[in-house]
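Down below is the structure, laid out as structure tokens.
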Amino acid sequence: MPPNPPKSSLLLHRINTTTNTITTTCQKQSQLHNRGCPLMCAAEVPDSIVRLHAHAVGPNQCCSAVVQQIAAPVAAVWAVVRRFDNPQAYKHFVKSCHVIDGDGRVGTLREVHVISGLPAARSTERLEILDDERHVLSFSVVGGDHRLANYRSVTTLHPAADGRGTVVVESYVVDTPPGNTDEETRVFVDTIVRCNLQSLAQIAENSSRRNTP
């Protein structure tokens with residue numbers, strides 16, 4: 001059965017409007033940070049890292065990845081990223097987060113509330129991977145009132161090839177919402193991920209400068 005046209009049109013309008021809002025917010029942040037690029041174009045990402053971002057993509061799903069270089073040590077960046085209980089530390093579209101089950105280890109559930117203006121209000125998310133040795137974090141969305149069903153994200157950190165900082169890769173796979181194309185979905189999610197990673201870069205770099213003698 002074809003999707004209901006009014007609902008599909010509304011969803012498309014909300015995604016397009018929200019993407020413009022997110023882009024404006026990102027442009028207000030520092031212009032000194034790379035905006036990222038598709039994983040396949042990032043020569044500095046070793047094969048061992050690429051393999052961690054190999055998602056199984058099913059019918060009516062899409063995936064993408066954003067790469068961000070940060071002028072701060074891996075340890076400084078990881079200290080922010082690994083806090084599954086505190087995503088709002090660098091994700092500016094998260095209003096609040098509460099752990100609803102678990103103790104911070106794999107399997108922990110959190111409920112995230114997002115700021116107004118996004119096509120969602122809350123999201124229930126499960127911690128899938130937390131590897132302090134390899135600097136890998138993964139979570140999946142298991143509930144909430146939003147259109148991004150079956151969303152799973154993997155974030156990895158590794159030292160930059162020139163030894164001057166950290167390369168962060170965040171990839172995801174998600175269902176394409178009815179009434180939207182894969183490309184529209186990728187543009188929407190990529191914009192959020194890119195903005196989050198730019199914010200992460202600012203926070204980690206500022207922290208690193210403060211802690212440098």
Side-chain angles (χ1 to χ4, degrees), residues 1-27 29 34-42 45 50-68 81 87-88 90-95 97 110-129 137-156 168-200:
M1 179 180 295
N4 183 287
K7 289 184 179 179
S8 298
S9 299
L10 175 61
L11 175 60
L12 177 57
H13 172 72
R14 291 178 71 185
I15 283 182
N16 287 343
T17 302
T18 303
T19 301
N20 291 337
T21 301
I22 294 170
T23 301
T24 300
T25 302
C26 286
Q27 288 173 345
Q29 297 184 9
N34 296 331
R35 294 187 62 198
C37 64
L39 183 57
M40 67 184 68
C41 298
V45 180
V50 172
R51 286 193 290 271
L52 295 171
H53 296 276
H55 295 277
V57 183
N60 302 315
Q61 288 189 316
C62 63
C63 68
S64 185
V66 176
V67 179
Q68 176 75 44
V81 172
Q88 65 269 35
Y90 72 97
K91 296 182 178 182
H92 290 169
F93 304 106
V94 174
K95 182 167 59 176
C97 173
R110 69 185 180 189
E111 184 169 87
V112 171
H113 292 262
V114 302
I115 63 174
S116 61
L118 293 178
R122 62 181 179 83
S123 176
T124 304
E125 301 167 356
R126 182 183 189 274
L127 181 61
E128 304 290 352
I129 300 172
L137 183 144
S138 173
F139 73 89
S140 59
V141 173
V142 297
D145 56 350
H146 52 76
R147 296 277 186 162
L148 300 180
N150 295 315
Y151 183 92
R152 178 167 178 143
S153 168
V154 175
T155 302
T156 61
V168 181
V169 182
E170 183 167 346
S171 65
Y172 64 87
V173 60
V174 65
D175 290 1
T176 301
N180 288 103
T181 66
D182 290 355
E183 180 62 22
E184 289 165 348
T185 304
R186 278 193 293 265
V187 168
F188 173 70
V189 181
D190 279 4
T191 302
I192 295 176
V193 172
R194 185 174 295 112
C195 197
N196 287 340
L197 295 185
Q198 289 174 348
S199 172
L200 174 64

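Because the structure is a prediction, the values reported are computed rather than measured. Heads up: numbering here begins at 1 and tracks the sequence.
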- Message: Has H146 got a side-chain atom pairing as donor or acceptor with G143's backbone, closer than 3.5 angstrom?
- Response: yes
- Message: So, using side chain to side chain contact (heavy atoms under 4.5 Å, CB included) as the criterion, who are the partners of Q61 when residues are at least two apart?
- Response: V57, N150, V173, D175
- Note on the structure: Between the CD atom in Q88 and the SG atom in C97, the distance rounded to the nearest 0.5 Å is 5.5 Å
- Message: Taking salt bridge (Lys or Arg N to Asp or Glu O under 4.0 Å) as the definition, give me every residue that meets it alongside R152, ordered by chain and number, with sequence neighbours left out.
- Response: none
- Evaluate the side-chain proximity of V189 to L148: yes if any heavy-atom separation is below 4.5 Å, no if none is. yes
- Message: Minimum heavy-atom separation for T181 and E184, please, with both atom names.
- Response: N-OE1, 2.9 Å
- Are any of the side-chain heavy atoms of H55 and V154 separated by less than 4.5 Å? yes
- Item | Spatial distance of atom CG (L137) from atom OG1 (T155) [nearest 0.5 Å] | 6.0 Å
- Message: According to side-chain hydrogen bond (donor to acceptor under 3.5 Å, both in side chains), who are the partners of N60, at least two apart in sequence or on a separate chain?
- Response: none
- Message: With side chain to side chain donor-acceptor pair (under 3.5 Å) as the test, pick out the partner of S199 among K91, R194, H92.
- Response: H92
- Message: When you compare the side chains of E125 and S123, does any donor N or O come within less than 3.5 Å of an acceptor on the partner?
- Response: yes
- Message: I'd like to check Y172 versus D190 (side-chain heavy atoms, cut-off strictly below 4.5 Å). Are they in contact?
- Response: yes
- Partners meeting side-chain hydrogen bond (donor to acceptor under 3.5 Å, both in side chains) with E111 (sequence neighbours left out): H113
- Is the closest side-chain heavy-atom distance between Q198 and Y90 below 4.5 Å? no
- Query: Quick one: side-chain hydrogen bond (donor to acceptor under 3.5 Å, both in side chains) partners of E170, sequence neighbours excluded?
  - Reply: S153
- Note on the structure: Residues at least two apart in sequence or cross-chain that pass side-chain hydrogen bond (donor to acceptor under 3.5 Å, both in side chains) with T156, listed by chain then number, are H53
- Item | Point-to-point distance, once rounded to the nearest 0.5 Å, from CD of Q68 to CG of N196 | 10.5 Å
- Taking the inter-plane angle between the rings of Y151 and F139 on a 0 to 90° scale, is it parallel (under 30°), tilted (30 to 60°) or perpendicular (over 60°)? tilted
- Query: When rounded to the nearest 0.5 angstrom, what is the spacing between CG in L127 and OG in S140?
  - Reply: 9.0 Å
- Message: Given 3.5 Å as the limit, does a donor-acceptor pair link the side chain of T191 with the main chain of V187, or not?
- Response: yes
